[in-house]
Amino acid sequence: MNFADYILPTNDIPVRALLPFLAASAGAYLLCRALYLTFWSPLARIPGPTLFCVVPETWHPTYLRGAYHETLAEWHRRYGPVVRTGPRTVSVTNYHLYRKLHSDPSIIRDVSFVSILQIDRPHLSSMSSSNPLHGLHRRLLNPAFSAPSVAEMEPLIYEAFVKYWDKAYTAQMAAQGTTHRTVKLNLLKMSHHITLGVILSVVMGISPARADFDPLFDDLAGTYESVIKTIVLRLFTGRFAYMYEAFGLSEGKRAYHRATAFIHREFTKRVAHCLVSSLGDASTAPSDRIDVVGKLATTLVGAAADNQTTLDEMVRELVPELFFMLAAGYDTAGNTLGFMFWQLFVHPGIHARAREELRSNYPDPNVSLSLHMIQTTLPYVEALVYETMRCFPSLPSRLLRILTGPGKAVGDYFIPSGTSIHTPIYSLHRNPDNWEEPDRFMPERFLGAKGELLKKQVYAFNMGAHHCIGRRVALSEMMLVAANVLLKYDLESVGSADPRRAIVTQANMRFDTPELWARVTLKPEIDLIS
Ligand code: HEM
């Protein structure tokens, strides 16, 4: 007998005979795991739906339907401000605890969330899961988004609004071949055109009056969705190419690549050009451009003067950052504007009150309302924008974080290192502990001194180190569009006022169809925009 005879069976054991043993082992493992997760895990004390202690929350049926944020809000109503939503996931909706948790330096971006956004862009520092790297880049980018910078950019924002709103309106009039002032417009499409115009102008410094962005619109419609589709496509290699067709994804993939290639090329060209001209003569003012690239050039001249980094490195670093801003600021603001118009149709009283405020303050509709005028004289219009962001935060949940370090006490509970932390923005905004009648669309809650305090509780842009860098740009464009449209045009819903309209959430919150039709009438006092 040799050694092998001792350790190998002399006769083949039929696989079938092993099956009960394997099944019993797997069952025992799953049972032990379930018992551990339910009773002994460090998260076991935190309340939450029993089943989801054991299975990931992404298995919840509403997750696939794109309505998970509502489930999360419901769990918070049932179980309280700290809820365990998965085997290793926790969500917190008490503002005080949320702030405490999310401003802790030991909480970092979840790599899985980051990697989705880093598709094609492995060096995207603003989405980095490393807090020091992210902080370094925020320090570089922040000056371009400060209050004075964004105030300087206001003419660019206004130009994009005028171009895309008035252009669409006059084009429709021409198509009807009539001087009749009422035309039918898809307000959702218009909102997206304006926000893309704004983002291209303020970030890249392309004047919307001169550039023709139109070819981009179709390709970019739903940037996030294209990114998700591309990730799905990546999972299926060329071997399964037939599946692209089966799922109707190939056109989406081509459109996404066309659009990203175009923008990437344009960005690189423009960023390089701007930096070269800024750095050419260090003795002169680096840039008089009022867009983000111009502002960044100013900051970078200092760094280059110290010889810390070469021009090539700067361009390589900046291009993905600027590119990401396009994706981050386009759908988000466009969808929020769409939600606002829809709510005006659902609530005619609110629509009338906003118009009344505008028209009593500015009887001449030819006036161009600036942000300063809106903020100082139109509190209801401003409140309307805030209430839209409260009820329909464009990124409502799942911007996941991971807790690192030794763990953290949150309220009565201890959250161990490695726990996945939710950003339940929708739940924060819809929690009756935080808001009076949270499910009612009520702009007036933001009026007066109490309203000013409540505005600070609108977390549509999140808070802490990772909060939205484009917050001021987004607020400016949404207010400028809301006020100027309501002053100059009468809007009337065309079948869009259904309060139960379907809203879905995959990467961001939006309507299930890209349409929101309205009859739009230019005020008779206004001479058609030449
Ligand atoms: C209504 C419009 C917008 C909403 C609701 C929104 C929301 C958000 C939220 C919630 C985050 C934080 C993500 C996280 O916590 O992980 C974020 C990040 C970001 N947003 Fe926005 N955003 C909007 C518009 C914009 C605009 C107009 C820009 C660009 C000009 C922009 C650029 C960015 C960037 C670059 C980040 C990453 C910031 C970082 O981590 O350093 N966003 N946004």
Side-chain angles (χ1 to χ4, degrees), residues 69 98 101-103 107-110 112-114 116-118 121 124-131 133-142 144-146 149-150 153 156-157 160 191-192 194-204 223-224 291-293 295-296 318 320-340 385-386 388-402 421-426 428-429 458-482 505 507-510:
H69 55 280
Y98 185 92
L101 184 60
H102 283 263
S103 52
I107 175 169
I108 60 167
R109 277 203 158 112
D110 182 336
S112 63
F113 165 55
V114 172
I116 289 179
L117 291 164
Q118 287 198 331
R121 311 269 170 266
L124 188 56
S125 311
S126 62
M127 277 289 123
S128 171
S129 60
S130 145
N131 281 352
L133 187 61
H134 174 262
L136 209 67
H137 275 256
R138 276 300 281 245
R139 278 196 286 286
L140 181 77
L141 299 174
N142 274 341
F145 291 94
S146 66
S149 288
V150 176
M153 292 173 196
L156 288 178
I157 300 178
S191 301
H192 279 102
I194 292 170
T195 50
L196 185 58
V198 167
I199 202 88
L200 288 171
S201 316
V202 303
V203 172
M204 285 163 73
T223 312
Y224 287 98
D291 51 79
V292 169
V293 177
K295 308 255 172 224
L296 288 175
L318 271 182
E321 301 300 327
L322 298 175
F323 182 85
F324 173 68
M325 278 174 202
L326 180 100
Y330 159 48
D331 278 12
T332 44
N335 290 336
T336 310
L337 275 174
F339 286 129
M340 185 196 74
V385 172
Y386 273 92
T388 309
M389 289 192 299
R390 184 190 70 83
C391 289
F392 309 99
S394 188
L395 302 172
S397 52
R398 292 203 64 79
L399 306 159
L400 290 183
R401 307 279 197 267
I402 298 282
I421 309 285
H422 253 296
T423 48
I425 295 171
Y426 181 92
L428 276 165
H429 291 177
V458 174
Y459 276 16
F461 301 106
N462 209 357
M463 52 72 62
H466 297 281
H467 79 271
C468 176
I469 201 167
R471 178 180 156 271
R472 288 194 181 91
V473 173
L475 278 171
S476 306
E477 67 180 309
M478 291 190 298
M479 284 183 199
L480 284 172
V481 172
T505 298
N508 64 352
M509 197 178 197
R510 61 183 199 286

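We count ligands from 1, going down the list as the structure has it; atoms in each ligand are counted the same way.
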Numbered atoms of ligand 1 (with element) below 4.0 Å of Phe145, judged on heavy atoms | 30 (C)
Pull out every atom of ligand 1 sitting under 4.0 Å from any heavy atom of Leu395, numbered as shown with elements.
-> 7 (C), 8 (C), 9 (C), 10 (C)
Nearest neighbour of atom 24 (C) of ligand 1 from the list Ile199, Thr332, Val202, on a heavy-atom basis = Thr332
At a 4.0 Å threshold, what atoms of ligand 1 neighbour a non-hydrogen atom of Ser394?
-> 5 (C)
Tyr459 and Tyr98 aromatic ring geometry - parallel, tilted or perpendicular at 30°/60° bounds | tilted
Heavy-atom contacts with Ala333 under 4.0 Å: which atoms of ligand 1 show up? List them by number with element.
-> 1 (C), 2 (C)
So do the side chains of Ile425 and Leu399 get within less than 4.5 Å of each other, counting heavy atoms only?
-> yes
Anything under 30° is parallel, anything over 60° is perpendicular, the rest tilted; go ahead and classify Tyr426 against His69.
-> perpendicular
Closest to atom 41 (O) of ligand 1 by heavy-atom distance, out of His466, His134, His102, is His134
Kindly indicate whether the side chain of His422, heavy atoms from C-beta on, has any atom under 4.5 Å from the side chain of Leu400.
-> yes
Any heavy atom of Arg471 sitting closer than 4.0 Å to ligand 1?
-> no
Identity of the nearest option to atom 14 (C) of ligand 1, non-hydrogen atoms only, from His467, Met389, Met478, Arg401 = Arg401
Looking at residues at least two apart in the chain, or sitting in another chain, which of them share a side-chain contact (heavy atoms from CB on, under 4.5 Å) with Ser103?
-> Met463
Under 4.0 Å to a heavy atom of Thr336 - the qualifying atoms of ligand 1, by number | 1 (C)
Can you find a non-hydrogen atom of Tyr459 under 4.0 Å from ligand 1?
-> no
Under the side-chain contact (heavy atoms from CB on, under 4.5 Å) test, residues paired with Ser476 that sit two or more places apart = Val150, Ile157, Leu371
Per-atom contacts of ligand 1 with Ala474, taking only distances under 4.0 Å to non-hydrogen atoms | 2 (C), 24 (C)
With respect to His466, which candidate in Arg138, His102, Arg109 satisfies the side chain to side chain donor-acceptor pair (under 3.5 Å) definition?
-> Arg109
Got Thr336 and Met509 here, is their nearest side-chain heavy-atom distance under 4.5 Å?
-> no
